[in-house]
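Scope of the values below: all heavy atoms of this structure, side chains included, with no hydrogens, waters or symmetry mates.
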Amino acid sequence: MWSEKTQNDKRAEMEGGEMGDVILTMKGIDKSFPGVHALDHVNLEIRKGEVHALMGENGAGKSTLMKVLTGIYSKDSGTITFEGKEVEFSNPREAQDAGIVIVHQELNMMNHLTVAQNIFIGREMMNGKLINDAKMNREAAKLFEQLNIEIDPTEKMGNLTVGKQQMCEIAKAISHEAKVIIFDEPSAALTESEIEELFKIIRDLRQRGMGIVYISHRMDEIKVITDRVTVMRDGGYVGTLITKESTKDDIIKMMVGRVIYEDPKTESNVPKDAPVVLKVEHLNAGKMVRDVSFELHKGEILGFSGLMGAGRTETARALFGADPKDGGEIYVNGTKVDIKNPMDAVKCGIGYLSEDRKRYGIVVQKSVAENSTMAALDDYMSGIFINKKKENEVAQKYVKQLKTKTPGVDQLVVNLSGGNQQKVVIAKWLIRNCDILIFDEPTRGIDVGAKSEIYQLMNELVAEGKSIIMISSEMTEILRMSDRIVIMCEGRKTGELDISEATQENIMHAATLRE
């Protein structure tokens, strides 16, 4: 596909010998669905004792390739060789029994059961006809001891943090005597300290000779934790690189086929006389929003920065009426408004793109067209029926404008990649013609190419006169996109900076200012 592919692969093969022997090979894997050529002769090689990154934009085919490997999908052609034998699994249980296990991004745990019961679910240890919980607790404790982590096997799963739940998922994988473990976006919902714990465990697994596939969009993590990187694009195999020999730009260029620049913004693009479109005074809501005040100007991207639990999302939800507020005043274009629920906010011209788009932003089992018109449905009604022709026309307009990758507007949103799902949510609020948009973690779980498109779209929106509040946990995103930055810590606003004076250091200083 690329002229440099052969060189990259040869270099990777030579240095790959420093790791163990090849344990898994996928060669020439091809898979098509109706109207979509999802995998086009893809190659992947995993060695014992290596962490191998699998990278590509949303929709590149990474998840499809892993589903073929673990028997969720059957391949159309190609070969899978595991431990020297050609294999084809009919279902994930067969793959698990052979020693290939996935730790999923969206954890599939039973919160009402104990940790041990979750680890051994479906293969419970029995004492006659009764489940032997004591034995499962002992075996779970042994697994945690192997992983050097402290978790009580008798604790209810729902009482654990996301990070601890993920450790339980890893313990479950180890209990299957895994030889290859696939980590799918493992750090997406973890704190910095939890990521450090995760990396310790992964390094330990590598030392034991396991082959690890690591799927992530976070470039910095790839450089820290992986040995090699295989890149996919548009369902095809681009090449494999040695991580320590490659730069971030090398990998990005392979992923997207173009160079993406991520230079921070050095000065605000907002005119000094730009009117205030939103004014929030002394907003209070529960323990996480305490006396928060700020202004948003026309054509501005106002970044909200802070550590986990700072109260940024809670502030946005109180402003939007999604959560009740205890006090405070809100002004839109100089007029005081009373926002009691999201419908009030929408009537005031405020749209909210939640950080949890699958829970609050879209209905995944509805089509692109149905999701796009959801916030403005009254405009597409003919009597008691929806005017499907009109709905499809406007949805198609925004698919084209936002460059959403979908076979058509009748495609179910569940079948789109994360970046394209986000574009459908944006289309929903643009069709509603909201002038104030709250983007909460707009690029979480989205690859670097789709991020660049979202950034470009945000810049186009503010150039047209829209105004954006952007909540982000990524410092590079805050510094790249914001005209002004509000910093929060433990429910309070602890700083406000013009982008011309913002640095990572002074943002972090304000983000750790406690009472």
For this session: Kindly indicate whether the side chain of Lys265, heavy atoms from C-beta on, has any atom under 4.5 Å from the side chain of Asp483.
Result: yes
Problem set entry | Nearest atoms (heavy-atom pairs only) where Ile499 meets Leu479 | CD1-O, 3.7 Å
For this session: Could you walk me through whether Asn506 and Leu497 pass the side chain to side chain contact (heavy atoms under 4.5 Å, CB included) test, one step at a time?
Result: CA-CA 9 Å; Asn506 56 22; Leu497 298 167; 3.4 Å; yes
Please list every donor-acceptor pair under 3.5 Å in which a side-chain atom of residues 269-278 meets a protein atom from a residue at least two apart or in another chain.
none

Exercise. Is Lys244 reaching over with its side chain to a backbone N or O of Asp227, donor-acceptor style, under 3.5 angstrom?
Worked result: no
For this session: Step by step, work out the side chain to side chain contact (heavy atoms under 4.5 Å, CB included) result for Ile251 and Lys248.
Result: CA-CA 5 Å; Ile251 298 169; Lys248 182 177 172 182; over 6 Å; no
Problem set entry | Heavy-atom donor-acceptor pair, Glu155 side chain to Val115 backbone, under 3.5 Å | no
Exercise. Would a 4.5 Å heavy-atom cut-off, applied to side chains only, mark Met254 and Met55 as touching?
Worked result: no
For this session: Fit a plane to each ring of Trp429 and Phe320, take the angle between them on a 0 to 90° scale, and name the class: parallel (under 30°), tilted (30 to 60°) or perpendicular (over 60°).
Result: perpendicular
Exercise. Can you find a heavy atom in the side chain of Tyr237 that is under 4.5 Å from one in the side chain of Thr230?
Worked result: yes
For this session: Would you please test Val363 and Glu370 for side chain to side chain contact (heavy atoms under 4.5 Å, CB included) and show each step?
Result: CA-CA 9 Å; Val363 180; Glu370 289 168 319; over 6 Å; no
Exercise. Nearest 0.5 Å, what's the CD1-CG distance between Ile469 and Leu353?
Worked result: 12.0 Å
Problem set entry | Note, Asp344 side chain near Asp338 side chain (heavy atom, < 4.5 Å) | no
Problem set entry | Heavy-atom pair of closest approach, residues Asp184 and Ser63 | OD2-OG, 4.4 Å
Seminar exercise, completed: Heavy-atom nearest pair, Ala173 first then Val103, reads CB-CG2, 4.4 Å
Exercise. Below 4.5 Å, heavy atoms only, C-beta onward: do Leu54 and Leu65 meet side chain to side chain?
Worked result: yes
Problem set entry | Spatial distance of atom CE (Met167) from atom CD (Glu150) [nearest 0.5 Å] | 12.5 Å
Exercise. Considering only heavy atoms from C-beta outward, does the side chain of Ser216 approach that of Ile222 to under 4.5 Å?
Worked result: yes
For this session: Mind checking the NZ-CZ spacing from Lys493 to Arg290? Nearest 0.5 Å is all I need.
Result: 15.5 Å
For this session: Starting from the C-alpha separation in whole Å, work towards a yes-or-no answer on salt bridge (Lys or Arg N to Asp or Glu O under 4.0 Å) for Lys397 and Glu393.
Result: CA-CA 6 Å; Lys397 173 187 170 185; Glu393 283 174 354; over 6 Å; no
Exercise. When you look at CE of Met110, are more than 12 heavy atoms from neighbouring residues, nucleotides or ligands closer to it than 6.0 Å?
Worked result: no
Exercise. Heavy-atom distance under 4.5 Å between the side chains of Ile182 and Thr70, does that happen here?
Worked result: yes
Problem set entry | No-hydrogen, no-angle side-chain donor-acceptor test under 3.5 Å, Lys156 and Asn118 | no
Problem set entry | Reference residue Arg484; test salt bridge (charged side-chain N to carboxylate O under 4.0 Å, His left out); the match among Glu267, Glu501, Glu300 | Glu300
Exercise. Is the backbone N or O of Ala285 less than 3.5 Å from a side-chain atom of Glu314, with the two atoms forming a donor-acceptor pair by type?
Worked result: no
Exercise. Counting only heavy atoms not in Lys172, do more than 12 fall under 6.0 Å of its NZ?
Worked result: yes
Problem set entry | Residues Thr373 and Glu391: side-chain donor-acceptor under 3.5 angstrom | yes
Seminar exercise, completed: Sequence neighbours excluded, the answer for side-chain contact (heavy atoms from CB on, under 4.5 Å) partners of Ser500 is Asp498
Problem set entry | Side-chain donor or acceptor of Lys62 paired with backbone N/O of Gly56 under 3.5 Å | yes
Exercise. Are the side chain of Ser382 and the backbone of Phe385 linked by a donor-acceptor contact shorter than 3.5 Å?
Worked result: no
Problem set entry | Side chain to side chain, Lys428 and Tyr398, heavy atoms closer than 4.5 Å | no
Problem set entry | Donor-acceptor contact present, side-chain Lys423 to main-chain Lys403, <3.5 Å | yes
For this session: Can you see which heavy atom on Ser482 is nearest to which on Gly303, and at what distance?
Result: OG-CA, 3.4 Å
Exercise. Does Gly306 offer a backbone N or O that forms a donor-acceptor pair with the side chain of Arg312 under 3.5 Å?
Worked result: yes
Exercise. In Å and rounded to the nearest 0.5 Å, what is the NZ to NZ distance from Lys31 to Lys67?
Worked result: 11.5 Å
Exercise. Is the side chain of Asn284 donor-acceptor paired with the backbone N or O of His282 at a distance under 3.5 Å, no angle test?
Worked result: yes
Exercise. Looking only at heavy atoms, what is the nearest atom pair of Leu437 and Cys434, with distance?
Worked result: CD2-CB, 4.0 Å
Seminar exercise, completed: Separation between OG (Ser305) and CD1 (Ile507), nearest 0.5 Å, reads 5.0 Å
Seminar exercise, completed: Separation between CZ (Arg492) and OG1 (Thr315), nearest 0.5 Å, reads 12.5 Å
For this session: Check the pair Ser472, Glu441 against side chain to side chain contact (heavy atoms under 4.5 Å, CB included), reporting the backbone distance first and the verdict last.
Result: CA-CA 5 Å; Ser472 178; Glu441 301 289 0; 4.1 Å; yes
Exercise. For the residue pair Ala60 and Met232, what are the closest heavy atoms and their distance?
Worked result: O-CE, 3.5 Å
Exercise. Checking Thr512 side chain against His509 main chain: does a donor-acceptor pair fall under 3.5 Å?
Worked result: yes
For this session: Could you check Lys405 against Glu453 for salt bridge (Lys or Arg N to Asp or Glu O under 4.0 Å), going step by step and ending with a plain yes or no?
Result: CA-CA 12 Å; Lys405 290 180 183 175; Glu453 290 178 357; 5.8 Å; no
Exercise. Okay, side chain of Gln365, backbone of Val414: is any donor-acceptor separation there less than 3.5 Å?
Worked result: no
For this session: Using the six-membered ring wherever Trp is involved, compare the ring planes of Phe183 and Tyr214 and label them parallel, tilted or perpendicular (cut-offs 30° and 60°).
Result: tilted
